[in-house]
Amino acid sequence: MSEEHPNSASHSRVLNALSGKQVLITGTTGFLGKVVLEKLIRSVPDIGGIHLLIRGTRHYPEARERFLEEIAASSVFERLRSEEPDRFEAFIDTRLHCVTGEITEPLFGLASHEFDALAAQLDAVINSAASVNFREELDKALAINTDCLGNICELSRRGGNLPVIQVSTCYVNGMNAGDAKEALVNPARSGMVQREDGTWDVDEVRHVLNDKIAELRHCYSGNVLAEKLVDLGIREANRYGWSDTYTFTKWMGEQVLMQALHRAPLTIVRPAIIESALAEPSPGWIEGVKVADAVILAYAREKVSLFPGRRAGIIDVIPADLVGNSIILSLAEAVSSPAEQRIYQCCSGATNPLRLGEMIDHVMTEARENHAAYDRLFYRQPTKPFIAVGRRLFDRVMGGVRLPLSLLDRVLKLAGSETELKALRNVRTTMELATIFGFYTAPDYVFHNDRLLELADRMGSRDQTLFPVDARLIDWPTYLRKIHLAGLNRFALSHRRLPRPTQRRKQNQRAA
């Protein structure tokens with residue numbers, strides 16, 4: 001008799017719902033997409049198949065080759081390689097299907113019959129593809145965060161109203177203050193028309209933005225054009241009530257989906273600031289430097305000691321594995337109990353708030369007491385404190401420091417110096433980081449996730465163990481000091497590449 005897999009479907013509504021199902025995932029070259037993919041392979045052994053939409057590149061024109069080189073070789077799969085190497089490789093060989101396509105192209109760049117064939121195979125779609133660059137060129141942000149969602153809607157329609165799980169962000173809330181619930185978000189500033197269904201008509205806004213983009217393209221080119229498109233995105237986002245191009249275009253994407261899929265199953269999952277894993281696939285797993293990490297890294301390298309922010313403000317951090325689990329719970333609900341529209345927020349602010357001042361203090365304490373344990377993060381113990389001050393005071397201090405340093409740097413250049421004054425470089429780094437992330441460190445909103453927690457309760461105790469989503473599981477001192485900083489040091493600041501599965505098989509064969 002075969003041994004039962006530890007994640008058997010008994011008493012699990014999630015595993016029962018996903019048994020035999022075929023799911024398309026976009027965005028698996030990104031951080032969160034990898035987390036979702038790894039969790040599905042490891043914890044949902046009876047899933048029918050996973051299809052990945054992957055854009056070909058010059059080096060890897062075919063999706064499967066790019067998957068093997070860039071995704072399967074990721075450290076996110078270390079646990080699977082260690083615990084279940086044969087099952088992992090068998091899954092990749094038999095149930096992992098790669099589709100070469102571009103999400104921003106009509107029908108993903110596929111022929112119509114190929115697109116139809118793909119839709120016919122699927123039971124649901126998870127769209128985690130996005131540009132998460134806060135200062136992205138406006139045309140690029142619109143293309144991937146807003147416009148391409150028409151392709152997702154068309155796939156759903158051709159598949160007979162396939163359920164769609166859209167990964168958005170809590171920060172579609174924009175400049176609205178107060179309690180941010182799991183509901184439609186209104187623009188903080190006017191200038192749009194609201195429809196009878198409560199959504200907002202973004203078609204006219206998109207036309208206006210595209211006209212402005214075309215005008216810039218007519219007048220500029222190269223790096224100058226790119227800078228103009230970044231500035232345009234920020235300016236237009238601010239005009240309608242968002243701090244940056246990313247959150248503005250993600251909000252517009254929500255409107256596109258809610259209007260086009262008003263009779264099809266749609267679930268929008270909004271994470272807050274996604275950071276390293278709390279527990280799975282391993283504590284601290286992360287890829288790249290995220291929102292809070294850019295500031296932590298600048299402090300660790302002694303480039304920043306002053307930053308705009310409210311120490312009492314809630315900085316809403318959520319570990320990546322809790323976000324991935326939220327997506328999987330939403331997927332299971334969508335395929336088993338289709339409904340027209342649902343919105344869930346994956347966040348910590350309302351249930352287990354982390355204050356900016358607390359985060360800063362934990363990082364500084366760990367740096368003071370144990371910096372040597374993080375050899376890639378801290379080259380030495382930082383000698384300066386990290387201080388958060390109000391925006392007005394920050395601007396006055398930076399303005400007062402920058403002018404004399406600029407003058408001194410100019411004098412030194414005239415005297416023959418070829419390098420920029422280090423203090424001036426640090427001021428510029430601080431101001432650049434403040435421009436990008438200052439909105440997130442001085443919050444006047446609190447994200448709520450009552451509906452997500454209700455979903456977890458409905459799924460039952462077995463799934464709360466297999467797919468935890470509750471931020472109250474986080475002990476912030478332990479997470480920040482021992483899990484997150486260790487994860488940054490081990491994963492984000494390491495450039496290790498692991499053998500892809502086919503390479504591992506060849507190595508084993510040679511060893512045998």
Is the shortest side-chain heavy-atom distance between Leu322 and Ile474 below 4.5 Å? yes
Yes or no on salt bridge (Lys or Arg N to Asp or Glu O under 4.0 Å) for Asp444 and Arg310, after CA distance, side-chain angles and deciding distance? CA-CA 9 Å; Asp444 54 3; Arg310 291 195 304 115; over 6 Å; no
Validation row: Ile165, Asn127 side chains within 4.5 angstrom (heavy atoms): no
Got a salt bridge between Glu62 and Arg66, using NZ or NE/NH1/NH2 to carboxylate O under 4.0 Å? no
Is Glu236 close to Asn238 at the side-chain level, that is, under 4.5 Å between some pair of heavy atoms? no
Would you check if there is a donor-acceptor pair between the side chains of His448 and Asp179 at a distance under 3.5 Å? yes
Only one of Ser276, Ser74, Ser75 passes side-chain hydrogen bond (donor to acceptor under 3.5 Å, both in side chains) with Trp285; say which it is. Ser75
Is it the case that Ser168 and Gln166 place a side-chain donor and acceptor less than 3.5 Å from each other? no
Does the side chain of Val36 reach to within under 4.5 Å of the side chain of Lys39, using non-hydrogen atoms? no
State, to 0.1 Å, how close Ala320 and Val35 come at their nearest heavy-atom pair, and which atoms those are. O-CG1, 3.7 Å
Basic-acidic side-chain contact under 4.0 Å: Glu287, Lys34: yes
Sub-4.5 Å side-chain heavy-atom contact between Ile41 and Ile47: no
Would Glu215 and Lys212 pass as an ion pair if we require N to O under 4.0 Å? no
Indicate yes or no: does Arg79 engage Glu280 in a salt bridge with an N to O separation below 4.0 Å. yes
Does the side chain of Glu454 pick up a donor-acceptor pair with the side chain of Tyr344 at under 3.5 Å? no
With ring centroids as reference points, do Tyr171 and Tyr440 lie under 6.0 angstrom apart? yes
List the steps, then state whether salt bridge (Lys or Arg N to Asp or Glu O under 4.0 Å) holds for Glu154 with Arg157. CA-CA 5 Å; Glu154 183 65 14; Arg157 186 185 68 78; 2.5 Å; yes
Got His484 and Asp293 here, is their nearest side-chain heavy-atom distance under 4.5 Å? yes
Pair Arg55 + Glu102, salt bridge at N-O below 4.0 Å: yes
Distance alone, cut at 3.5 Å: any donor-acceptor contact between the side chains of Thr199 and Gln259? yes
Does Phe248 have its ring centroid less than 6.0 Å away from the ring centroid of Tyr246? no
Verify whether one side chain among Asp244 and Thr247 offers a donor that lies under 3.5 Å from an acceptor in the other. yes
Would you call Arg158-Asp116 a salt bridge at under 4.0 Å N-O? yes
Check this for me, if you would: do Arg206 and Asp147 make a salt bridge, where the nitrogen-to-carboxylate-oxygen distance has to be below 4.0 angstrom? yes
Scan Leu149, Val172, Leu209 and name whichever one has a side-chain contact (heavy atoms from CB on, under 4.5 Å) with Met252. Leu209
Strictly by modelled atom types, are Asn145 and Thr249 linked by a side-chain donor-acceptor pair under 3.5 Å? yes
Look at Arg270 together with Glu254 and state whether they make a salt bridge at an N to O cut-off of under 4.0 Å. yes
So that I can tick it off, tell me whether Glu70 and Arg64 are bridged by a salt bridge, with the cut-off set at under 4.0 angstrom between side-chain N and carboxylate O. no
Check whether any side-chain N or O of Glu38 sits under 3.5 Å from a backbone N or O of Pro281 as a donor-acceptor pair, and report yes or no. no
Is it true that Asp450 and Lys181 make a salt bridge, defined as a side-chain N closer than 4.0 Å to a carboxylate O? no
Pair Asn133-Ser131, side-chain donor/acceptor within less than 3.5 Å: no
How about Asn173 and Trp251: does a side-chain donor come under 3.5 Å of a side-chain acceptor? no
Does any non-hydrogen side-chain atom of Lys250 lie less than 4.5 Å from one of Trp242? no
Distance-only, no hydrogens or angles: does the Gln464 side chain make a donor-acceptor pair with backbone N or O of Ala456 under 3.5 Å? yes
Taking 4.0 angstrom as the limit, do Lys228 and Glu137 come out as a salt bridge? no
Under 4.5 Å between any side-chain heavy atoms of Val14 and Leu331, yes or no? no
